[in-house]
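Read through the structure below, which is laid out as structure tokens, and then see the notes.
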Number of protein chains: 2
Amino acid sequence: MKKNVLIVGAGGVAQVVAHKCAQNNDILGDLHIASRTKSKCDVIVDGVREKGAMKVEGTFETHALDATKSADVADLIRKTGAEIVINVGTAFVNMHVLDGCIETGAAYIDTAIHEEPDKICETPPWYANYEWKKRDACAEKGVTAILGAGFDPGVVNAYARYAIDEFMDEVKSIDIVDINAGSHGRYFATNFDPEINFREFTGVVYYWEDGRWKEKSMFETGHEWDLPVVGKQMAYMSGHDEIHSLATNYPQADVRFWMGFGERYITVFTVLKNLGLLSEQPVTTAEGQEVVPLKVVKACLPDPKSLAPDYTGKTCIGDLVKGTKGGEEVEVFVYNVADHKEAYTEVGSQGISYTAGVPPVAAAMLIAQGDWDAKTMKNVEEMDPKPFFEVLDRIGLPTRVRIGDEERAWNA
Amino acid sequence: MKKNVLIVGAGGVAQVVAHKCAQNNDILGDLHIASRTKSKCDVIVDGVREKGAMKVEGTFETHALDATKSADVADLIRKTGAEIVINVGTAFVNMHVLDGCIETGAAYIDTAIHEEPDKICETPPWYANYEWKKRDACAEKGVTAILGAGFDPGVVNAYARYAIDEFMDEVKSIDIVDINAGSHGRYFATNFDPEINFREFTGVVYYWEDGRWKEKSMFETGHEWDLPVVGKQMAYMSGHDEIHSLATNYPQADVRFWMGFGERYITVFTVLKNLGLLSEQPVTTAEGQEVVPLKVVKACLPDPKSLAPDYTGKTCIGDLVKGTKGGEEVEVFVYNVADHKEAYTEVGSQGISYTAGVPPVAAAMLIAQGDWDAKTMKNVEEMDPKPFFEVLDRIGLPTRVRIGDEERAWNA
């Protein structure tokens, strides 16, 4: 049983996390939010108070924090008495925040894999390059660390585990499909930090087939999926965090990730990439200034947070899992459908931030209640998915299942 | 009669100017080339010497020069004894180089209109914002200044003057068409300084019709032209320097400029412009660095000079001039066709640099010989076109005329 939460980060996902923590502060206790720029935290907490989101009276304090300094993270954990840290800052700070948790014994939750600013797309499995090196340290100190507990990675890992446990003797393939059928009405925008977004797609597309890592180029392989609610949608095989843990835990299955992209995204991405504007390596201008092109592109694009008020439409994210049961072929699609407008009405954010921000709060609640307080490092598919689904059902991201012609709640 | 030439600039056009000056140093006298980075000048002069391009034995010296300082320009003019300055540096330095010439009495030639780094697309007529303000100063001191003496502006201004003088009582319209039907084999590149190139197309498209300035957006109006040698080609109405002097000298004519663009250029331009990456105004990155996006785009693109070895195909640039003669409608197309490969073989540059760099050398030769030594400021259509065409015929850019079904040399 743990309580008191420190949220690290103050972007669009952090805002959702803040609202959801507030809505469940009877379970979570005192709340704290910290980022490099404290005023961004103040804006978020003001929004929480305006919506009257705190379930019971309680603390929600804001702090300035340089999360690249693990000693500062540890100091703030001690000062706030937080026993659970939800890290939704940039992926560049993950290992520093994790170190702060290991030092203090606080539970750690994140939603994306660690990245180093000057490296893109390292050797698979990605988790082995950074996070898993700390697994023994977590186990020794009894520190709970739930890695990749957003939607994807996160909920989709639980979907895979559930589909396999519930419907199969043997799993053959896991295809994760992420479709945003919503519209923000801008010429172009990324739904989360442009720097992290583009970095996902500038490297090699690693996927797992026939028991080994294979490689493709981005946009090399497209497939039209026919999904609940959002209908027929084109998605492209992409590299993604969850492939790297699922392939390790289910090496017998093919594991692929498919991201939906509209024509506009592909055009813009292709132009920027071919011109070298998505590079994380500095260039020198004619005037002698050293600049990282990707950081300039980010500065020119809309703040993902600013998209929320005009965002309409729905997302559908799920796992098509194939296998056998009693010798028969079986195929099941486990999924969630979220609505941009509903997310904005509830927490002032668009649907992409909503789907990413609700699951780590569910994980925090499960740690607080003891269900997921693993006392070691875990990826989401290594935890029991059912209590996770139960909390998610209750706090805004219900899990559904399509099997044959039937579409139903997972526990119907 | 003037002699000794100082070339300002060391880009792709400057390289052509250097070679052409060397090939005609019997007329032009001592040669000098100066740029911020002296080593770029050294590379150019080494290339001239390797090709054995000097017609007669003579001087070709290189100098470091900050051309934004008119006093430094004047000092170098005095030191070198140059009586003719060919300014093919960036358009941002024009007024400073012109001031240096006015101070010392040297003749001034440029190939593009002056621009201020932080302003795009000022009020028409553009020349009135900067250059023409110095007309009285030139007249008083007897300083020859030939403005816009590249191909376009430049040769196309002479084409207009020639078509009107030779074939018409009255001119009704001048449509300048610039087609590059060549291929550099890269994903994307601009044929000259990307910063200047993009700035041409990010502003309002000003054109002159019915005796007044009108406005369009870039890529709003396209037209397929059927031209000699290059055939049918799509071109879009664009803003361009020569419209602003031709509309002043021929206010009774409609004056429009049409630039050919491939699909790739339009796609890249549209993406970059819509994202704000062509902005000349600084943005601030998340890390707090102030950067001008357009300068970063420039840093990422290929150096236009580097395109030359692989460039194939031809350019066709000309004026379709319509009017009446003895009450009959008359229409004539005056044009040049240039070949990228031939340009590279002769001077180590691609065709776009070649067409821009040969004409100012022809102008310098005419000043040296006295034909164009106007002792005041002139745009090219204010000078006699025939001696210009004679020199251009001889040094690599022959003028041709299409009238009815006939295509012939201008003086055939």
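All chains are named by letter (A, B, ...) in the order of the sequence lines, taking the proteins before the strands, and each is independently numbered beginning at 1. Being a predicted model, the structure only gives us computed values, none of them experimental.
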- Message: If you count heavy atoms of other groups shown closer than 6.0 angstrom to NZ of A:Lys216, is the number above 12?
- Response: yes
Going by atom type alone, with no hydrogens or angles, which donor-acceptor pairs under 3.5 Å involve a side-chain atom of residues 270-278 of chain B and a protein atom two or more places apart or on another chain?
unit_1, atom_1, unit_2, atom_2, d
B:Thr270, OG1, B:Ile266, O, 2.5
B:Asn274, ND2, B:Thr270, O, 3.0

- Query: If you count heavy-atom pairs under 4.5 Å with chain A, which of B:Cys300, B:Ala189, B:Ser279 comes out on top?
  - Reply: B:Cys300
- Message: Test of understanding: with ring pair (Phe, Tyr, Trp, His ring centres under 6.0 Å), list the residues that count as partners of B:Tyr265, not counting sequence neighbours.
- Response: B:Phe188, B:Phe261
- Taking only residues two or more places apart in sequence or in another chain, which ones pass ring pair (Phe, Tyr, Trp, His ring centres under 6.0 Å) with A:Tyr311? A:His184, A:His340
- Task: Using a heavy-atom cutoff of under 4.5 Å, enumerate the residues of residues 282-294 of chain B that contact chain A, numbered in order, or state 'none'.
- Result: B:Val283, B:Thr284, B:Thr285, B:Ala286, B:Glu287, B:Gln289, B:Glu290, B:Val291, B:Pro293
- Query: At a heavy-atom separation under 4.5 Å, does A:Arg36 approach chain B through its side chain, its backbone, both, or neither?
  - Reply: side chain
- Task: Could you look at A:Lys298 and say if it's the side chain, the backbone, both or neither that has a heavy atom under 4.5 Å from chain B?
- Result: side chain
